[in-house]
Amino acid sequence: FVAMLPKGGTGAPDDYRPVVLLSVFYRLWARCRGREFQAYLRLAGVAPPGKSRSAESLAYDLALRIAVSQSGEAAVSGLALDWSKCYDHLLLDLLGRIATRIGIPSALAKPMLAAYAQPRAVLLKGSIGPEKRPTAGLAPGCPRATDWLALVIHMYTKSLVDEVPNVTSRPYVDDITSDVTTGDTDQACCAVDSMVTHTGRFAADLAFQPNLVKSRRFSTSAVVRAELKGTPGPPVADAFLDLGVIQTPVRIAPATLAH
């Protein structure tokens, strides 16, 4: 079943949160196979060796580079990207082909993908709809859902780094911040424009949707910010939320941030 739980109580169709009910036996199996699955991700370069860094540590790194840039060093410019409903848009057939490509055994991948593709019926206020077989979407209750997502997000960051010179792309679940450090205005603008173009192509290929409310372009250079405002893409921000931390590429007085 897909249980529809109310969020705000308005009763509107988009004011319910879908919760997929997975078999307890499957959840136990998926958790037990976690280390083996993650070993293949590390072998493919998707997951880093050892323990993953915390969100606070990753956000601090960007804040430090922004602060150094503001002291007179080369400008930091980039794109803070948030995918809209990322788990829901992952194509299951594509995940199967990716798993085969990087050598994940069928005995490990297929039971998970089969669980995601099980016929489901929507349960809402005691009424049950007809069963349908999903073609996209990771079940939120699956212990390996974030691993599958990391595999797809790695495709985005790896292809972006290969395409745009000197770019750093830092993923954390479905939040990705990519930036380039350069004192050349044209180079910075070209790099950010390439990030936006790459994101559009990737979204079209994988049926993803960037969250234009949360995604932001940024730069510590006033000249670069002015140039970017004249080009297509997410809003150019003076400040933006990055993994729960407010990043301020434009110097803002503490009293302003408080409001």
Side-chain angles (χ1 to χ4, degrees), residues 38 41-42 45-87 140 145-161 164 166-183 188-189 191-196 198-199 202-203 208-222 224-225 228 233-259:
Q38 290 175 348
L41 298 186
R42 285 192 291 272
V46 175
K51 188 177 180 180
S52 298
R53 297 178 62 189
S54 66
E56 294 83 358
S57 174
L58 295 171
Y60 175 77
D61 279 355
L62 178 58
L64 185 61
R65 288 190 289 111
I66 287 175
V68 169
S69 173
Q70 290 171 337
S71 69
E73 298 296 326
V76 175
S77 309
L79 171 67
L81 173 65
D82 181 84
W83 292 113
S84 178
K85 299 186 181 298
C86 197
Y87 285 94
T146 54
D147 293 334
W148 282 108
L149 180 59
L151 182 57
V152 175
I153 295 301
H154 178 75
M155 294 168 54
Y156 171 87
T157 57
K158 179 65 167 61
S159 56
L160 177 63
V161 169
V164 183
N166 304 317
V167 70
T168 298
S169 191
R170 184 215 66 196
Y172 188 85
V173 193
D174 60 344
D175 294 315
I176 307 165
T177 300
S178 306
D179 65 86
V180 64
T181 301
T182 176
C189 292
V192 177
D193 288 343
S194 295
M195 295 174 198
V196 173
H198 178 85
T199 300
F202 188 88
F208 273 20
Q209 180 62 52
N211 188 329
L212 298 180
V213 175
K214 294 182 179 180
S215 299
R216 293 289 185 270
R217 291 177 293 170
F218 62 90
S219 179
T220 57
S221 165
V224 173
R225 290 195 302 273
L228 291 177
V236 179
D238 291 346
F240 62 95
L241 195 63
D242 176 46
L243 304 181
V245 174
I246 298 176
Q247 303 285 9
T248 54
V250 178
R251 288 185 180 273
I252 299 176
T256 305
L257 285 176
H259 294 290

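Values reported hereafter were calculated over all heavy atoms of this structure, with side chains retained and with hydrogens, waters and symmetry mates removed. Values in this document were obtained by computation on a predicted structure and should not be read as measured data. Positions are given from 1 along the sequence.
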(message) I'd like to know whether T157 forms a side-chain contact (heavy atoms from CB on, under 4.5 Å) with S178, so could you lay out the CA-CA distance, the side-chain angles of the two residues, the decisive distance to 0.1 Å, and finally the verdict.
(response) CA-CA 8 Å; T157 57; S178 306; 5.8 Å; no
Verify, without hydrogens or angle tests, whether [X] (side chain) and [Y] (backbone) share a donor-acceptor contact under 3.5 angstrom.
X: Q247; Y: A59; answer: yes
X: S215; Y: D82; answer: yes
X: Q70; Y: P249; answer: yes
X: T220; Y: V76; answer: yes
X: R225; Y: S219; answer: yes
X: S69; Y: A74; answer: yes
X: R217; Y: P234; answer: yes

From [X] [atom1] over to [Y] [atom2], what is the distance, rounded to the nearest 0.5 angstrom?
X: F218; Y: D238; atom1: CZ; atom2: CG; value: 13.0 Å
X: D193; Y: L79; atom1: CG; atom2: CG; value: 10.5 Å
X: L243; Y: T177; atom1: CG; atom2: OG1; value: 6.0 Å
X: L160; Y: T199; atom1: CG; atom2: OG1; value: 6.5 Å
X: S77; Y: L228; atom1: OG; atom2: CG; value: 7.0 Å
X: D175; Y: L81; atom1: CG; atom2: CG; value: 8.5 Å

Do you know which two heavy atoms are closest between [X] and [Y], and how far apart they sit?
X: Y156; Y: H198; value: O-NE2, 3.4 Å
X: V161; Y: S169; value: CG2-CB, 4.0 Å
X: G78; Y: V192; value: N-CG2, 3.8 Å
X: A191; Y: V180; value: CB-CG1, 3.6 Å

(message) Using a strict threshold of under 4.0 Å (side-chain N to carboxylate O), is an ion pair present between D61 and R170?
(response)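 No, this pair does not count.
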(request) Dump the intermediate steps for side-chain contact (heavy atoms from CB on, under 4.5 Å) on Y87 and V173, then the final yes or no. (result) CA-CA 10 Å; Y87 285 94; V173 193; 3.6 Å; yes
(message) Contact between D147 and L41 at the side-chain level, heavy atoms closer than 4.5 Å - yes or no?
(response)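 Side chain of D147 against side chain of L41, heavy atoms only: contact under 4.5 Å found.
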(request) Would you please test R53 and Y172 for side-chain contact (heavy atoms from CB on, under 4.5 Å) and show each step? (result) CA-CA 9 Å; R53 297 178 62 189; Y172 188 85; over 6 Å; no
(request) Mind running side-chain contact (heavy atoms from CB on, under 4.5 Å) on N166 and T181 for me, showing each step along the way? (result) CA-CA 8 Å; N166 304 317; T181 301; over 6 Å; no
(request) For the pair W83 and F202, name the ring-plane relationship: parallel under 30°, tilted 30 to 60°, perpendicular over 60°. (result) tilted
